[in-house]
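Down below is the structure, laid out as structure tokens.
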Amino acid sequence: MDSVQTETPDTATEIGIVRSRGVRVPKDPAVITPRIRRSLRLNGYEGKEVNAALRVVNSGDTVLELGGGIGYVSTILAKKRDVKAIHTFEANPHLIDFHRQMHRLNDVTTITTHNALLAARKGKPQSFYVRENFLASSLEPEVTNMPVKSVEEVEVLGINTMFNKIKPDVFICDIEGAEADLLPHLKYTGLRAAVIELHPQWIGAAGVRAVFDAMHAAGLTYFPRLSDQKVVCFRREWPTK
């Protein structure tokens with residue numbers, strides 16, 4: 001007999017709202033597809049990234065997140081950790097209003113959402129290809145079986161300028177394969193920890209090595225106990241317990 005999963009009060013659906021891991025998510029059908037809604041209800045959405053982030057972010061931390069998505073990870077951190085500030089960068093302009101809805105629903109005031117891309121240096125706006133499945137939106141103009149819904153021009157900021165301005169303690173990165181090109185340009189050495197979602201299917205072994213080398217150059221060491229498959233964690237110091 002197949003097992004039946006039941007929803008707990010924490011994951012029960014309210015009118016227009018999906019509850020997941022203690023946060024409220026607007027049930028906007030333009031963003032929250034049935035597949036995402038089910039994953040949220042079962043507390044599985046971005047589960048590996050959330051688990052790692054919750055274990056490395058401490059009270060009073062400043063967090064810089066690249067690839068904010070629907071604002072789920074940053075909102076959970078703002079609700080569950082007494083952070084000083086979270087700066088999340090999301091290239092898809094169609095998700096910015098959704099972020100603001102998330103913040104209002106969850107009474108969080110420590111998150112700043114930036115509709116921008118980070119690059120080696122500040123430059124002219126760059127084309128960002130928005131697809132019906134927002135998870136497939138990227139800087140790449142051609143993705144198999146993923147037609148483009150719109151092309152948006154997004155502000156490009158320098159990665160080191162922003163890191164030196166924000167001075168994060170923790171870095172979280174999920175940028176759909178752009179990590180291998182971007183992170184080797186990072187010169188900031190003030191991080192205590194980083195959580196990176198790798199996309200080896202796109203960046204290959206050389207790209208994975210480039211990410212690890214970039215984190216080591218930033219003074220961080222791979223920490224396997226907090227890593228889970230493609231979500232890898234790096235720390236400045238390994239805990240003794």
Applying side-chain contact (heavy atoms from CB on, under 4.5 Å), run through R235 and L220 and close with a yes or a no. CA-CA 5 Å; R235 297 187 67 136; L220 304 179; 5.8 Å; no

Should [X] and [Y] count as side-chain neighbours, where that means a heavy-atom distance under 4.5 Å?
X: R24; Y: Q101; answer: no
X: R192; Y: N58; answer: yes
X: K124; Y: V156; answer: no
X: L40; Y: I32; answer: yes
X: L105; Y: P26; answer: yes
X: I196; Y: V231; answer: no
X: V56; Y: V195; answer: yes
X: N92; Y: V154; answer: no

For residues [X] and [Y], is any side-chain donor paired with an opposing acceptor at under 3.5 Å?
X: Y129; Y: S150; answer: no
X: E90; Y: T88; answer: no
X: S127; Y: E152; answer: no

Is the backbone N or O of [Y] less than 3.5 Å from a side-chain atom of [X], with the two atoms forming a donor-acceptor pair by type?
X: N160; Y: K187; result: yes
X: R236; Y: A218; result: yes
X: H87; Y: L64; result: no
X: D28; Y: A30; result: yes
X: N106; Y: M102; result: yes
X: Q126; Y: E155; result: no
X: K79; Y: I76; result: no
X: E49; Y: G47; result: no
X: S39; Y: Y45; result: yes
X: T75; Y: Y72; result: no

Between [X] and [Y], what is the shortest heavy-atom contact and its length?
X: A91; Y: L117; value: CB-CD2, 3.4 Å
X: A78; Y: V108; value: CB-CG1, 3.8 Å
X: V130; Y: H94; value: CG1-CD2, 3.7 Å
X: G71; Y: H99; value: N-NE2, 3.3 Å
X: P93; Y: N115; value: CB-OD1, 3.5 Å
X: A180; Y: G207; value: CB-CA, 3.6 Å

Is the Y188 to F171 ring centre distance short of 6.0 Å?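 No.
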
Check whether the ring centres of Y222 and F212 lie less than 6.0 Å apart, and answer yes or no. yes

Does one hydrophobic cluster hold both [X] and [Y], with members joined at side-chain heavy-atom distances below 4.5 Å?
X: V208; Y: L186; answer: yes
X: L157; Y: I159; answer: yes
X: I96; Y: I175; answer: no

Over 60° means perpendicular and under 30° means parallel, so classify the ring planes of H199 and W202, tilted if in between. parallel

Given the options L118, I172, D174, L66 meets side chain to side chain contact (heavy atoms under 4.5 Å, CB included) only with L118

Residue from D61, V170, L54 passing side chain to side chain contact (heavy atoms under 4.5 Å, CB included) with R81: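 Of the listed options, the one satisfying the test is L54.
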
Take K167 and T62, measure what side-chain contact (heavy atoms from CB on, under 4.5 Å) needs, and give me the verdict at the end. CA-CA 7 Å; K167 294 181 172 55; T62 295; over 6 Å; no

Electrostatic pair D169:K84 at N-O distance under 4.0 angstrom: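 No salt bridge links D169 with K84.
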
